[in-house]
Each structure stands twice: as structure tokens, then as C-alpha cells.
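Some notes on the structure that comes next.
Just so you know, ligand 1 is whichever comes first in the structure, and atom 1 is the first atom listed for that ligand. What's counted below: heavy atoms across the whole structure, side chains too, no hydrogens, waters or symmetry copies.
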Amino acid sequence: AARQDDASHSGPVWRTLRRVGRSAGISLRRATCGDGRLEFSPVTRYLVTGGAGFIGANFVHHLLAHTDATVTVLDKLTYAGNLESLAGLPEGRCRLVVGDVADPVLVDELVAGQDLVVHFAAESHNDNSLRDPSPFVQTNLVGTYTLLEAVRRHGTRYHHISTDEVYGDLELDDPQRFTETTPYHPSSPYSATKAGSDLLVRAWVRSFGVQATISNCSNNYGPYQHVEKFIPRQITNVLDGGRPKLYGSGANVRDWIHVEDHSAAVLLITARGRIGETYLIGADGERSNREVVEAILSLLGRPRDAYDQVTDRAGHDLRYAIDATKLRTELGWQPVYADFAAGLADTIAWYRDHEAWWRPQKSGTEAAYAVLGQ
Ligand code: NAD
Ligand code: DAU
């Protein structure tokens with residue numbers, strides 16, 4: 001912490017502190033002491049919702065490894081939350097509160113003690129949203145509304161985690177990619193609720209002056225991803241001696257990014273992002289599903305055609321593709337995992353080495369897919 005007597009908030013000490021803080025990836029907050037002088041201290045207390053899920057857990061590990069922050073995780077521990085994903089964190093810097101982001105009393109109490117909220121918690125799987133949309137409406141819309149009202153009351157900085165799916169899909173040969181100005185056009189109950197939650201954030205910024213940023217990221221892969229999702233499902237099928245399951249023709253394209261690169265981008269946006277702005281996060285990782293399945297089979301020493309084609313997803317989005325120019329040029333972000341094959345090999349090794357983490361979910365997940373012919 002540092003202190004200066006410049007009541008204008010724009011004097012030389014404040015400018016120096018802000019520059020040094022930014023170069024270290026730290027935002028500084030200003031507060032007035034009882035004696036009227038100004039105090040400066042780093043943003044250190046994060047509330048991370050959904051921190052026991054795939055991306056949230058990776059973000060908590062990243063945050064604690066790269067900053068001095070302390071973290072409160074708020075997670076309901078649904079089927080998608082896993083306490084084991086938070087094992088091995090530095091002593092005394094992270095606590096878990098098991099609860100619902102749509103619980104206004106709990107959320108208000110937790111937000112009151114924080115510098116910054118990063119909101120990952122969501123129902124996240126498209127296939128589940130086709131079976132039963134109701135928890136998606138409750139968590140993704142009502143949960144986001146509940147958090148926005150709390151950060152509005154407490155004046156807390158808020159970062160909203162969203163998805164490229166809010167923009168709908170592209171033709172395979174469309175030269176355009178999604179940008180921050182692409183109109184919203186969601187297809188599934190999942191992406192519609194995410195789109196709605198983004199619009200709530202934008203309205204709360206404009207109408208109430210909430211200090212928020214939004215990021216829309218492409219498809220993540222890496223450690224701690226639930227075996228219901230495409231890449232872990234296929235890896236664990238093959239590790240179990242089974243075959244990958246490709247929906248439809250397998251021509252659908254996703255734009256893959258390693259979850260560690262997503263975490264780094266989010267941390268940067270919380271430190272340096274401009275309030276009210278949206279940043280798209282993507283690493284130029286377009287691959288067809290068929291290409292990904294063939295790469296997994298090949299890395300695991302199996303014939304590249306040893307997969308099954310199964311019933312397609314209803315309303316299946318054809319292609320996503322992100323143009324992350326704004327994030328790269330304005331904030332200087334670059335992906336570290338630019339080589340998808342290397343990232344995929346690391347991910348396969350992680351699932352091979354962490355069977356105890358995914359095994360309890362595997363048979364139930366496959367049984368639910370089997371009912372749908374998938
Ligand atoms: P996930 O399903 O792995 O994890 C979601 C977490 O939220 C779980 O720990 C779950 O217990 C928790 N949760 C669910 N409902 C809750 C509630 N009502 N209250 C508190 N906690 C609750 O999801 P993920 O893949 O890690 O996605 C995290 C966020 O990132 C989501 O907002 C998602 O829309 C977004 N996103 C995901 C991807 C991707 O490729 N997975 C890409 C872009 C954006
Ligand atoms: O684009 C970002 C989105 O990526 C996130 O917002 C979502 O939370 C996340 O789940 C993911 O959505 P997708 O629907 O793209 O991911 P999923 O892993 O479910 O599927 C990826 C692609 O693989 C998709 O085209 C469907 C296909 N697929 C999926 C499964 C589970 C298969 O071919 N076979 C499968 O078994």
C-alpha cells in the first residue's frame with residue numbers, strides 16, 4: 001500500500017502508482033482515510049463464482065500462482081463442480097463457500113468483502129440444455145442478475161465470463177469471424193441464457209454505472225474438464241478401450257483455446273480492461289470435430305478412423321471462429337499454447353495420469369448419452 005496527499009487523484013504519485021501497478025498486472029484502488037488523506041492498495045480480494053468447475057478452477061490456480069490475491073470461491077457443487085479440482089492450492093489464500101449464485105442474501109454478504117467478482121458459475125453444457133433448460137434459466141439469468149444487484153449495491157468491480165456461442169454460428173467458408181460488434185444470434189437454450197446474461201451486464205453498466213467488463217471466449221480444453229464435454233469424452237473413451245463418438249458428419253468446426261490462455265486473458269482484463277467493454281478471447285484454433293477425433297486417436301496410437309458417428313445434436317451450431325484482435329492489440333495478450341497438437345498431447349497425458357479425478361463421472365455420463373443414441 002502507498003499513500004499520498006494529492007487530493008486531485010491525478011497527481012504524480014497516483015500516476016506512478018497506477019503505471020507500476022499496471023506493469024505488474026495489478027489494479028490499484030483509491031480510498032479516503034479518516035484524516036482525509038488518500039490510500040492506495042492493490043486489488044487483492046477476488047470472489048470467483050463457479051471456481052470448482054473446469055475453467056473457474058483453472059483460473060483460481062492461475063490467479064494464486066501469478067498474483068498475491070486471496071480468493072473466495074462461491075460454488076453450488078452441482079454435478080459439474082469438483083472439490084478435487086481445488087486441491088493443492090497455497091495454504092490460507094483460498095476458501096470455498098458452497099452456495100448458489102442466485103441466493104441474494106448469501107451473494108450480498110460475500111460481495112460486501114471483495115474487491116472484484118469474476119463470474120464463471122453457469123450451467124455450461126449445450127446437450128443438457130436440450131434435455132432440461134430450467135436450471136440454465138435459473139443459474140445463468142437469475143444468478144447473473146443476483147450478482148449484478150450485489151455489485152451495484154457495493155460498488156464492486158465485476159467481470160463477466162461468457163461465450164462465443166452468443167453470436168450464433170458461421171458457414172464453413174465464411175471469411176468473417178466473430179468480433180465485439182457481431183450481432184447476438186444464439187441458437188440453444190444454453191447460449192440464449194448466456195446471451196441474456198451478457199445483455200443484463202450491459203444494461204447494468206449503462207443504467208446503473210456498474211464497473212463491469214465482459215469476455216466471450218471460444219471452446220476451452222485442458223485439465224479438469226468434465227467428461228461430458230467433447231475432448232475429455234473422446235480421450236477417456238479411448239483410454240477405456242472404447243471408441244470416440246462423433247455427432248453427425250463431424251464437419252462442425254470449433255475454435256480451440258487452452259484453458260490456461262483463457263485464464264491469462266481474464267486476469268489481464270480484470271487488471272487493465274476498460275470498464276463497459278467486451279473482449280473476445282480466442283487463439284486461432286479452428287479445427288473440425290473430425291480432425292480433433294483423428295488427432296486424439298493418432299496420439300493414443302489407434303487407427304485414425306476408429307470412431308463411431310452417432311445421432312447429431314439438435315440445432316447443432318456449424319462453426320465458431322473468434323477474431324481476438326482487440327484483446328491482442330489493446331491489452332497485449334498472446335496465447336502461450338499456440339500449438340494445438342502439443343496442448344492436446346498434454347491434455348491426454350493429464351487424463352491418463354488423473355483417472356481418479358474423472359472415473360466417478362464416466363459411467364453415468366455415458367449412460368445418459370446412450371439413451372439419446374449418442
Ligand atoms: P463447468 O460446467 O465446468 O463449471 C460450472 C461451475 O459452476 C461448476 O463448478 C458448478 O458447480 C458451478 N455452478 C453451477 N450452477 C451454480 C449456481 N447456481 N451457483 C453456484 N455455482 C454454480 O463450466 P465451464 O466449462 O468451466 O464454464 C465456466 C464459464 O465459462 C461458464 O460461464 C461458461 O458459459 C463459460 N465458457 C465456457 C467455455 C468452455 O469451453 N467450457 C467457453 C467459453 C465460455
Ligand atoms: O464455444 C464455447 C462453448 O464451448 C462454451 O460456451 C460451452 O460451455 C462449451 O460446452 C462448449 O460448447 P460446445 O457445444 O461447442 O462443446 P461440446 O464439448 O459439447 O462439443 C464440441 C463439439 O463436439 C460440438 O460440435 C459437438 C461435438 N460433439 C460433442 C460431444 C460431447 C461430438 O461430436 N461428440 C460428442 O460426444
Selected option - heavy-atom contact closest to atom 11 (C) of ligand 2, from Asn219, Asn216, Val310 =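 Checking each option, the heavy atom nearest atom 11 (C) of ligand 2 is found in Asn219.
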Among Glu228, Lys229, Arg313, whose heavy atom sits nearest atom 19 (O) of ligand 2?
->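 The residue whose heavy atom sits nearest atom 19 (O) of ligand 2 is Arg313.
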Output yes when a side-chain donor or acceptor of Arg319 lies under 3.5 Å from a complementary backbone atom of Glu171, and no otherwise.
->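 Here the side-chain-to-backbone pair exists.
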Evaluate [X] for polar contact with ligand 2, using N/O atom pairs at a separation under 3.5 Å.
X: Ser124; result: yes
X: Arg254; result: yes
X: Trp256; result: no
X: Phe230; result: yes
X: Tyr320; result: no

Could you tell me, atom by atom, which parts of ligand 2 come under 4.0 Å of a heavy atom of [X]?
X: Asn289; answer: 22 (C), 23 (O), 24 (C), 25 (O), 27 (C)
X: Asp164; answer: 1 (O), 2 (C)
X: Tyr190; answer: 5 (C), 6 (O), 7 (C), 8 (O)
X: Thr163; answer: 1 (O), 2 (C), 3 (C), 5 (C), 6 (O)
X: His316; answer: 24 (C), 25 (O), 26 (C)
X: His125; answer: 19 (O)

Full working for side chain to side chain contact (heavy atoms under 4.5 Å, CB included) between Asp108 and Leu110 = CA-CA 6 Å; Asp108 189 76; Leu110 290 177; over 6 Å; no
Taking the six-membered ring of Tyr369 as reference, does the NZ or CZ atom of Arg233 fall below 6.0 Å from its centre and within a 45° cone about the axis?
->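 Verdict for Tyr369: a cation-pi partner in Arg233.
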Just checking, Arg313 and Tyr190: is the charged tip under 6.0 Å from the six-membered ring centre and within 45° of the axis?
->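 Pair Arg313/Tyr190 does not count as cation-pi.
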Which of these, Glu277, His159, His262, sits in a side chain to side chain donor-acceptor pair (under 3.5 Å) with Ser215?
->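 When side chain to side chain donor-acceptor pair (under 3.5 Å) is applied between Ser215 and each of Glu277, His159, His262, only His159 qualifies.
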Quick one, list the residues around ligand 1 where some non-hydrogen atom comes in under 4.0 Å, by chain and residue number.
->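 Around ligand 1, where the cutoff is 4.0 Å for heavy atoms, the contacting residues are Gly50, Ala52, Gly53, Phe54, Ile55, Asp75, Lys76, Leu77, Thr78, Ala80, Gly81, Gly99, Asp100, Val101, Phe120, Ala121, Ala122, Ser124, Thr139, Ile161, Ser162, Thr163, Tyr190, Lys194, Cys217, Ser218, Asn219, Asn220.
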Contact with ligand 2 for Gln234, non-hydrogen, under 4.0 angstrom |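 Contact present.
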In this structure, are over 12 heavy atoms from other groups packed under 6.0 Å from His354 atom NE2?
->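 Atom NE2 in His354 is packed in, count exceeds 12.
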Check the side chains of Glu180 and Asn216 for a donor-acceptor pair under 3.5 angstrom, ignoring hydrogens and angles.
->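 Distance-only check fails for Asn216 and Glu180.
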For Asn237, which residues count as a side-chain hydrogen bond (donor to acceptor under 3.5 Å, both in side chains) partner, sequence neighbours excluded?
->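 For Asn237 the side-chain hydrogen bond (donor to acceptor under 3.5 Å, both in side chains) partners, ignoring immediate neighbours, are Lys362.
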Between Phe230 and Arg254, is a side chain to side chain contact (heavy atoms under 4.5 Å, CB included) present by the stated rule, with each step listed?
-> CA-CA 11 Å; Phe230 179 54; Arg254 295 295 181 265; over 6 Å; no
Test of ring centre spacing under 6.0 Å for Trp350 and Tyr224 =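 Aromatic pair counts; centres sit under 6.0 Å.
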Less than 6.0 Å separating the ring centroids of Tyr320 and Tyr167?
->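 That pair fails the under 6.0 Å test.
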Looking at Ile322, Asp164, Asp284, Thr182, which one forms a side chain to side chain contact (heavy atoms under 4.5 Å, CB included) with Arg177?
->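 Result: among Ile322, Asp164, Asp284, Thr182, Asp284 is the only option passing the side chain to side chain contact (heavy atoms under 4.5 Å, CB included) with Arg177.
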Between Arg359 and Asp240, is there a salt bridge with N-O shorter than 4.0 Å?
->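 Looking at Asp240 and Arg359, the cut-off is met.
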